[in-house]
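First up is the structure itself, then whatever we jot down about it.
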Protein chains: 2
Amino acid sequence: MKIGELSRRTGVPTRLLRYYEEQHLLHPDRTDNGYRDYPESAVQDVQQIRGLLDSGLTTQMIRAILPYLSGPDEILLPAEHLTPDTAALLQGHIDRIQARIECLARNRDRLREYLAAVRPEGEEGAVRS
Amino acid sequence: MKIGELSRRTGVPTRLLRYYEEQHLLHPDRTDNGYRDYPESAVQDVQQIRGLLDSGLTTQMIRAILPYLSGPDEILLPAEHLTPDTAALLQGHIDRIQARIECLARNRDRLREYLAAVRPEGEEGAVRS
DNA sequence: TCGAACCCTCACATCAGTGTGAAGGCAAGG
DNA sequence: CCTTGCCTTCACACTGATGTGAGGGTTCGA
């Protein structure tokens, strides 16, 4: 798949697809004429990347964890390649993500409480025009 | 409290405290000589802001929701000030935060699964030096 | 063969969040 | 009084993520 199609199918501008490649988040191979050639799975990959970026992770952190997110089908790294170091790194990333989740959840709850408290006026979410 | 003390107590550089003010996230008043004068509550406020920024929210979004986060003690806006518009805006913010949480949680789980799958080698999280 | 619609790289621009330093006012202690 | 350490504003600079455009090659259909 060429970059234009991937862009259309994911809604992500080609500029960003090239950027993600520059950041080593995507690795399309090239056809003879130099065009990028993406596998079908790239669609999922791009959505994954977008979600994580939107959640406030940097490309660097995404690059670090992406290899371990590829799919539940099979484990990529045999255990002998998972040094204690790598495991610790990974655990650190997990912890950071967890901290973010907690912060966001806390604030979401407070916003919900506020909203609930301030409009007990019989509105149950239905938006009436 | 002057800016230096707030900085020391929060670990946030004075530069950023001034920046947050410029972004209308903080509103210290001024003493006669022009020094910023923060209330005690600013310590909490700054930590709140930092947490949200670290979670990937922009100052703009934080500015939008901060007024509603001030404290569970009392509702700031009387119901008559909460137009349906504002409520919808707020709900939109909540939804975005929720989406982030879900994305992060999903990926956290996948990382955890990976880590668990790849090291069933009797290590139960204890880091041995 | 020509034009439209792709693709390429390069590079400058923008925005948010920061770092850093200059140039100067105020306050307290030796 | 003078130094030291706060405080002030102003301003330039960097990074990461993204927009945008220039300049140029490729593919394909009319």
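The structure displayed is predicted, hence computed values, not measured ones. First the proteins, then the strands, lettered A, B, ... as listed; each starts at 1.
One hydrophobic cluster, built from ILVMFWY side chains closer than 4.5 Å, holds both V43(A) and L52(A). Side-chain heavy atoms closer than 4.5 Å link hydrophobic residues (I, L, V, M, F, W, Y) into clusters, and following such links, even through other members, never connects L26(A) to Y35(A).
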Trace of the side-chain contact (heavy atoms from CB on, under 4.5 Å) decision for H93(B) with L89(B)
CA-CA 6 Å; H93(B) 287 311; L89(B) 250 304; 4.1 Å; yes
Pair Y20(A)-I62(A), side-chain contact (heavy atoms from CB on, under 4.5 Å): steps then yes or no:
CA-CA 10 Å; Y20(A) 299 154; I62(A) 297 175; over 6 Å; no
Please step through side-chain contact (heavy atoms from CB on, under 4.5 Å) for the pair I49(A) and L66(A), ending with a clear verdict.
CA-CA 8 Å; I49(A) 292 168; L66(A) 205 51; 4.1 Å; yes
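The closest donor-acceptor contact from the side chain of R110(A) to the backbone of Y68(B) lies at 3.5 Å or more, if one exists at all.
Side-chain contact between R108(A) and I101(B) is present, with at least one heavy-atom pair separated by less than 4.5 Å. Counting only heavy atoms from C-beta outward, the side chains of R112(B) and Q98(A) approach each other to under 4.5 Å. Proximity of R96(A) to L57(A): side-chain heavy atoms (C-beta onward) are nowhere separated by under 4.5 Å. Between E21(B) and L17(B), every side-chain heavy-atom pair lies at or beyond the 4.5 Å cut-off.
One interatomic measurement links the two molecules: CG of L17(A) to P of dT18(D), which rounds to 11 Å at whole-angstrom precision.
Nucleotides of DNA chain C with any atom under 4.0 Å from a heavy atom of chain B span, from 5' to 3', dA16(C) to dA27(C).
At a threshold of 4.0 angstrom between heavy atoms, the contacts of R36(B) are confined to the sugar-phosphate backbone, with no base atom among them.
Nearest-nucleotide positions on DNA chain C place R50(B) closer to the 5' end than the other of N33(B) and R50(B). Projected onto DNA chain D by closest heavy-atom contact, E5(B) and L16(A) fall at different nucleotides, the more 5' of which corresponds to E5(B).
For the segment residues 51-63 of chain B, no residue has any heavy atom less than 4.0 angstrom from an atom of DNA chain D. The stretch residues 19-27 of chain B has no heavy atom under 4.0 angstrom from DNA chain D at all.
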Are there any protein N/O atoms within less than 3.5 Å of an N/O atom in nucleotides 20-25 of chain D, and if so, which ones and at what distance?
from	atom 1	to	atom 2	distance (Å)
dT20(D)	O4	R15(A)	NE	3.0
dG25(D)	N2	Y35(A)	OH	3.1

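Under the side-chain contact (heavy atoms from CB on, under 4.5 Å) test applied with R36(A), the options R18(A), H27(A), K2(A), M1(A) reduce to a single match, R18(A).
With sequence neighbours excluded, the residues forming a side chain to side chain donor-acceptor pair (under 3.5 Å) with E5(B) are R9(B), listed by chain and number.
The list of side chain to side chain donor-acceptor pair (under 3.5 Å) pairs with a residue in residues 55-64 of chain A, not counting sequence neighbours, reads Q23(A)-T59(A).
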